[in-house]
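Contents: one structure, followed by commentary.
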Amino acid sequence: MKERSMVPRAEFSSYYGRPVLKKPVWAELDIAGYFFTGGVAAGSALLAAGADLTGRPSMRRSARLTSFAALGVSGVALVHDLGRPERFANMLRVMKPTSPMSVGSWLLTAFAAPAGVAAASELPVGRRLFGGLARPAGLAAAAVAPAIATYTAVLVCDTAVPSWHAAYPELPFVFAGSALAGSAGLSMLLSPVPENAPAARLALLGSALELVAAQRMEGRLGLVGEPYREGKAGAKLRASKALTVAGAVAAATLGRRSRLAAVAAGGMLAAASALTRFGVFEAGVASAEDPVYAVAPQRERVEQRERVTEARP
Amino acid sequence: MTAVSDQPRMGFFTDTSVCIGCKACEVACKEWNHVPDDGYAFLGQSYDNTGELSADTWRHVAFIEQPRADGDLRWLMSSDVCKHCTHAGCLDVCPTGALFRTEFGTVVVQEDICNGCGYCVPACPYGVIDQRKDDGRVWKCTLCYDRIGAGMQPACAKACPTESIQYGPLDELRERAHGRVADLVAAGVTDARLYGDDPDDGVGGTGAFFLLLDEPEVYGLPPDPVVPTRDLGLMWRRAALAAGTFVAAGVAAFAGRRGGR
Ligand code: SF4
Ligand code: SF4
């Protein structure tokens, strides 16, 4: 878990400065975009269940529809990255616990059906078809939602990409917080102000979770934390933090009284959630492109081991 | 790894101390495996115009020109290849089962099952496996699965004129390699070391291992690679905690004052 490197940059060797790793081949718009929309689908399913159980019909309706719409965009993004729709079927050939992508494909499949029924029941046609199933389906979707919101962090951490792999203790919390804040923001944007109190509270809680987890992560990572601060990734993550703070404050204060403030807060939180995912994605890619992030911490480990061996009589 | 038969695990021992940089391995691999050309680049990196292992380069010869203290130049040449890891990141994360472990203990992609998801690419701690841009499927060394199945040696090993590339049962290769290092060190080549021969390393040892004359990173190899899935249990545990926090936040948000709608 200790990744802080004491090897100075200048001392590390490489082969003509070429990367040691292959960077992810995923299209950023598809995959970082999916991390965002998947998080929104999950967070909205949670909000919809809460709204249903506490008697907030407009909020329930908008959250169920948001959840399923976000899931639809996720599906399009994933299929676009694969190239052909039937390629998604290959994912369901096997169930492989060692592959977070396999686990995720099954989770998405398990989430899609109840989320679809819950959303459909909010439309006139669907209400006639699945009226009685609406609540159980909504609750079933909410039961899978926590896994949908967090497995994507495991997906990226379970790679050799230095800044992702080393981030595994905190990144699931960053993603969970980002999903909560983003979906709470969208709920505020889409629901009437009198039903906004829970979303505003969730926006605050999600933002706090994300910010604290990100702070701890960047503080702990040492050298491989650098890509989270530098370049395009750093700029996106800084913008995300600023929007998260502003959005959460607006949500918790004026957002519960004024429609305009609720819309502004919601927009900021949703944008922040997207920026977090794109920033994390780009930081990982940057860490795979520069050999120092792969080599220096490994070299440090080797030297550490050699020191221990030498110290032994 | 469980042995399905008495077929021993097969591998490569690449002794870079005798590599002459002729690239016969690169060429033989391309021809036998019908690997498409990867462009005609001039990289300006010594005699290396291939650069790295990729979907279209399954053997890659690295050239390093090292200035020595006496003013002379030292040449390092090394033919790199997929390591056929004992614990293979690419294989662990593949969601379709396209990557599999053969009866020879090697790691091979089934091209008709790969769906081009690309997950294996960043999961390889050596940067070996890669995607072809045409339809997005991935390609890498198969350790000539077709040839070794027919009792032949892989094309690269067959073509290598100096026996820098040796193919055989992994146990035998490891023994031979240890002897070779001892001989070299005794002859004053104190830089000689093995890379990937240790079953206790971060990938459980590799099926294709090397004798190097400098630190691995000088050849573009990671000095202490670890299979990403080694920490997967811990990762899921952290995700479960985060998922619990996600639910708790939801409950707290709605449990707040009921009147506060
Ligand atoms: S070197 Fe990379 S591609 Fe080859 S078996 Fe190991 S993880 Fe897979
Ligand atoms: S790209 Fe192909 S081989 Fe690689 S993980 Fe995906 S399905 Fe498996």
Side-chain angles (χ1 to χ4, degrees), chain A residues 12-16 18-26 46 50 53-54 56 82-83 87 90-91 93-94 96 98-102 105 146-147 149-151 153-154 157-161 165 168-169 172-173 175-176 179-180 194-195 197-198 201-202 205-206 209 288 294-295 298-299 301-302, chain B residues 43 45 51-52 62 64 89 92-98 113 115-119 121-131 135-136 215 217-225 228-229 231-232 234-236 238-247 249-250 252-254 256-258 260-261:
Chain A
F12 104 100
S13 356
S14 75
Y15 183 65
Y16 300 100
R18 304 184 72 98
V20 167
L21 303 164
K22 291 278 183 288
K23 64 179 176 185
V25 289
W26 298 317
L46 181 77
L53 295 176
T54 58
R56 292 177 170 88
L82 286 179
R87 281 187 164 181
N90 280 27
M91 299 276 192
R93 254 186 99 243
V94 289
K96 252 179 94 173
T98 62
S99 169
M101 192 181 283
S102 169
S105 303
T150 50
Y151 96 84
V154 180
C157 293
D158 191 24
T159 62
V161 173
H165 187 83
Y168 77 80
F173 292 90
F175 276 23
L180 290 171
E195 289 189 4
R201 279 194 290 269
L202 196 60
L205 290 169
L209 178 61
V295 171
Q298 293 188 23
R299 170 59 43 206
R301 276 203 305 263
V302 172
Chain B
L43 300 178
Q45 293 166 357
E52 60 190 15
I64 300 132
D92 283 348
V93 304
C94 172
T96 64
I113 292 177
N115 71 350
C117 75
Y119 199 8
V121 175
C124 168
Y126 300 91
V128 170
I129 195 163
D130 200 8
Q131 200 174 43
D135 67 357
E215 302 292 4
E217 56 266 41
V218 169
Y219 297 87
L221 296 164
D224 186 30
T229 38
D231 302 323
L232 188 58
L234 293 172
M235 292 180 199
W236 282 125
R238 298 298 293 177
L241 275 178
T245 313
F246 176 91
V247 176
F254 282 96
R257 291 143 300 158
R258 269 294 168 95
R261 337 156 103 196

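Heavy atoms only: backbone and side chains are in, while hydrogens, waters and symmetry mates are out. Every chain is numbered from 1 and lettered A, B, ... according to where its sequence line falls, protein lines coming before strand lines. Small disclaimer: the values here were computed from a predicted structure and weren't measured.
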Top of [options] for chain A proximity - count of heavy-atom pairs under 4.5 angstrom:
options: B/Gly118, B/Gly89, B/Pro122; answer: B/Pro122
options: B/Ala240, B/Ala98, B/Gly116, B/Gly127; answer: B/Gly127
options: B/Leu43, B/Ile129, B/Leu234; answer: B/Leu234

What part of B/Leu232 is in contact with chain A, defined as an atom under 4.5 angstrom from a non-hydrogen atom: side chain, backbone, both or neither?
side chain
B/Leu241 portion near chain A, given a 4.5 angstrom heavy-atom threshold
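Contact with chain A is through both the backbone and side chain of B/Leu241.
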Please confirm whether the backbone N or O of [Y] pairs with a side-chain atom of [X], one donor and one acceptor, at under 3.5 Å?
X: A/Arg18; Y: B/Gly220; value: no
X: A/Lys96; Y: B/Cys94; value: yes
X: A/Thr159; Y: B/Ala123; value: no
X: A/Trp26; Y: B/Cys117; value: yes
X: B/Arg238; Y: A/Pro172; value: no

Distance in Å, [X] [atom1] paired with [Y] [atom2], rounded so as to fall on 0.5 Å steps:
X: A/Tyr15; Y: B/Glu52; atom1: OH; atom2: CD; result: 10.5 Å
X: B/Asp130; Y: A/Lys22; atom1: CG; atom2: NZ; result: 5.5 Å
X: B/Phe246; Y: A/Leu202; atom1: CZ; atom2: CG; result: 8.0 Å
X: A/Asp158; Y: B/Tyr119; atom1: CG; atom2: OH; result: 4.5 Å
X: A/Gln298; Y: B/Glu217; atom1: CD; atom2: CD; result: 8.5 Å
X: B/Thr96; Y: A/Arg87; atom1: OG1; atom2: CZ; result: 10.5 Å

For chain B, which of [options] has the most heavy-atom pairs under 4.5 Å?
options: A/Ala176, A/Gly50, A/Ala288; value: A/Gly50
options: A/Ala149, A/Ser14, A/Pro100, A/Ala179; value: A/Pro100
options: A/Val302, A/Leu46, A/Val161; value: A/Leu46
options: A/Leu180, A/Val295, A/Val25; value: A/Val25

Side chain, backbone, both or neither: which part of [X] has a non-hydrogen atom closer than 4.5 Å to chain B?
X: A/Leu21; answer: both
X: A/Tyr151; answer: both
X: A/Leu209; answer: side chain

For the residue pair [X] and [Y], what are the closest heavy atoms and their distance?
X: A/Thr150; Y: B/Ala242; result: CG2-CB, 3.8 Å
X: A/Val94; Y: B/Gly97; result: CG2-N, 4.0 Å
X: B/Pro125; Y: A/Ala160; result: CA-CB, 3.6 Å
X: A/Arg201; Y: B/Ala252; result: NE-O, 4.3 Å

Report the C-alpha distance between B/Phe254 and A/Leu53 in whole Å, list the side-chain angles of each, state the deciding distance to 0.1 Å, and finish with yes or no for side-chain contact (heavy atoms from CB on, under 4.5 Å).
CA-CA 9 Å; B/Phe254 282 96; A/Leu53 295 176; over 6 Å; no
